[in-house]
Amino acid sequence: LKRYNLCLLGCGNVGRALLKLLVEKTTELRSAYDVEWRITGVSTRRMGHLTRLEGIAPDALLADPPGFASTPSPSAVTIKEWLEKAQADVLFESTSLNPENGEPATGYLRDALEQNVHVVTANKGPVAFAFDELQALALAKNKRFLFESTVMDGAPIFSLFREALPAVHLSCFSGILNSTTNFILGEIEAGNSFEEAVKKAQAIGIAETDPSMDIDGWDAAVKVSVLTTVLMGVPLRPSEVQREGIRTIGEDAVRRARAEAKPYKLVCRAERTPGGVTASVRPEQVPATNPLASITGTSSVVHFETDSLPGLTVTEHNPGPRTTAYGMLADFITIARRS
Ligand SMILES: NC(=O)c1ccc[n+]([C@@H]2O[C@H](COP(=O)([O-])OP(=O)(O)OC[C@H]3O[C@@H](n4cnc5c(N)ncnc54)[C@H](OP(=O)(O)O)[C@@H]3O)[C@@H](O)[C@H]2O)c1
């Protein structure tokens with residue numbers, strides 16, 4: 001039996017969903033993968049760095065506000081000290097995305113790997129801005145840097161290429177990778193105004209209070225950057241992705257396009273060129289015969305074209321924080337299987 005000390009950096013929607021999933025899968029992890037786990041550290045902006053070597057009860061963390069019978073010690077000051085005190089084997093990082101430079105999360109992950117701790121992240125920033133560096137550090141330390149949940153939540157994209165598509169060369173991809181804008185466009189097609197659609201997206205918890213990161217295409221551009229960097233081997237910053245959001249399409253144009261069976265979608269594209277890659281995020285009218293046209297609500301899709309498989313499409317239906325948490329759990333099992 002392998003016993004893992006787990007640390008959670010970030011304990012919001014995703015971190016909490018991960019805790020619930022870990023609890024739910026405890027028996028299966030033990031019986032099928034010989035894995036036992038306990039949470040020895042949790043860190044958020046409000047809680048600070050908590051550690052308890054005998055294990056922090058997930059129920060206490062999931063209570064609102066968190067309720068501890070006795071307070072775990074909030075002593076450590078730096079991430080390295082916190083991880084050392086918690087004797088961490090794996091760090092699950094789910095802090096907020098910084099689309100400008102990926103910090104401070106990138107620094108946290110660097111610290112963890114330097115400290116000989118495996119890293120699983122749901123945060124796109126470090127992958128978009130520091131994939132090569134973090135991957136090289138993980139290799140040097142004989143640890144894993146895994147990030148399945150950064151694109152299309154828990155749907156297997158990176159593990160698909162890593163495990164099931166050896167020696168394949170990706171020439172281009174297209175997809176719908178931002179749930180919020182896809183949901184908003186659908187609500188406008190159904191007769192709502194842009195503002196009403198945004199409010200509905202906020203009410204069901206998929207849009208932030210400031211929804212501009214989704215609406216202006218930043219979230220999608222970071223995902224394109226991640227896919228291009230990891231799957232095509234061409235590092236591309238989010239600012240190098242040509243980007244146009246959905247603000248300027250106009251409600252009438254959205255409804256007319258749907259009536260003509262050529263709905264507007266916020267389409268992500270990247271294509272290999274002799275000099276590198278060209279990539280874009282922009283609203284496009286998609287013919288009804290294109291698989292992208294049938295993606296509604298919060299679902300997402302990506303279509304890959306490779307030298308060996310001419311077309312391969314992955315569709316994810318109705319994702320949520322649990323889907324994202326599943327990608328992190330799958331990454332944890334990958335670590336446990338290989339170490
Ligand atoms: N929601 C999804 O389904 C989904 C899907 C794919 C990827 N992701 C990615 O997963 C990450 C988390 O998403 P979420 O929905 O769980 O966000 P969230 O609910 O806002 O939670 C973020 C957590 O990170 C903590 N945090 C933020 N900045 C921090 C810092 N500098 N140091 C320490 N803790 C920090 C917050 O602490 P406080 O609460 O104390 O401020 C909170 O616990 C994001 O990067 C997001 O892009 C989310």
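Start at 1 with the first residue, then count along the sequence. Whatever order the structure lists them in is the order used to number ligands and atoms, beginning at 1. These figures come from a predicted structure and were not determined experimentally.
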Give me the nearest non-hydrogen protein atom to atom 3 (O) of ligand 1 as residue plus atom name, then the distance to 0.1 Å. T324 OG1, 3.1 Å

Donor + acceptor pair across side chains of T40, N5 (<3.5 Å): no

Nearest protein heavy atom with distance in Å, relative to atom 21 (O) of ligand 1: G12 CA, 3.3 Å

In ligand 1, which numbered atoms sit nearer than 4.0 Å to a non-hydrogen atom of G10? 23 (C), 24 (O), 25 (C), 43 (O)

Quick note on ligand 1: atoms under 4.0 Å from a heavy atom of C11 include exactly 23 (C), 42 (C), 43 (O)

Within 4.0 Å of some non-hydrogen atom of L97, the atoms of ligand 1 are 45 (O)

Among non-hydrogen protein atoms, atom 40 (O) of ligand 1 lies closest to R46 N, 2.8 Å

Decide whether S212 and D210 meet the rule of one side-chain donor and one side-chain acceptor closer than 3.5 Å. yes

Under 4.0 Å from any heavy atom of K124, which atoms of ligand 1 are there? 47 (O)

For the side chain of Q285 and the backbone of K262, is there at least one donor-acceptor N/O pair under 3.5 Å apart? yes

What residue and heavy atom of the protein are closest to atom 36 (C) of ligand 1, and at what distance? R45 NH2, 4.1 Å

Which residue owns the protein heavy atom closest to atom 48 (C) of ligand 1, what's the atom, and how far is it? V14 CG2, 3.6 Å

Report, in ascending order of atom number, the atoms of ligand 1 lying under 4.0 Å from any heavy atom of Y108. 30 (C), 31 (N), 32 (N)

Under 3.5 Å: donor-acceptor pair, side chain of N192, backbone of A197: no

Could you check whether atom NZ of K80 has more than 12 heavy atoms from other residues, nucleotides or ligands sitting under 6.0 Å from it? yes

Distance alone, cut at 3.5 Å: any donor-acceptor contact between the side chains of S300 and E316? yes

Less than 3.5 Å apart, any donor N or O on the side chain of E271 or T273 sitting next to an acceptor on the other? no

Heavy atoms, side chains only, cut-off 4.5 Å: are L9 and W82 in contact? yes

Going by atom types alone, do Q242 and S280 pair a side-chain donor with an acceptor below 3.5 Å? no

Ligand 1 to D153, heavy atom cutoff 4.0 Å, flagged ligand atoms 5 (C), 6 (C)

What is the nearest protein non-hydrogen atom to atom 19 (O) of ligand 1, stated with its residue, atom name and distance? N13 N, 3.0 Å

Whether N178 side chain and A220 backbone form a donor-acceptor pair below 3.5 Å: no

Atoms of ligand 1 less than 4.0 Å from P104 heavy atoms? 31 (N)

Identify, for atom 11 (C) of ligand 1, the protein heavy atom at the shortest distance, and state residue, atom and that distance. T95 O, 3.3 Å

Numbering the atoms of ligand 1 from 1, which are under 4.0 Å from a heavy atom of S149? 6 (C), 7 (C)

I need the nearest protein heavy-atom contact for atom 9 (C) of ligand 1: residue, atom name and distance, please. A122 O, 3.3 Å

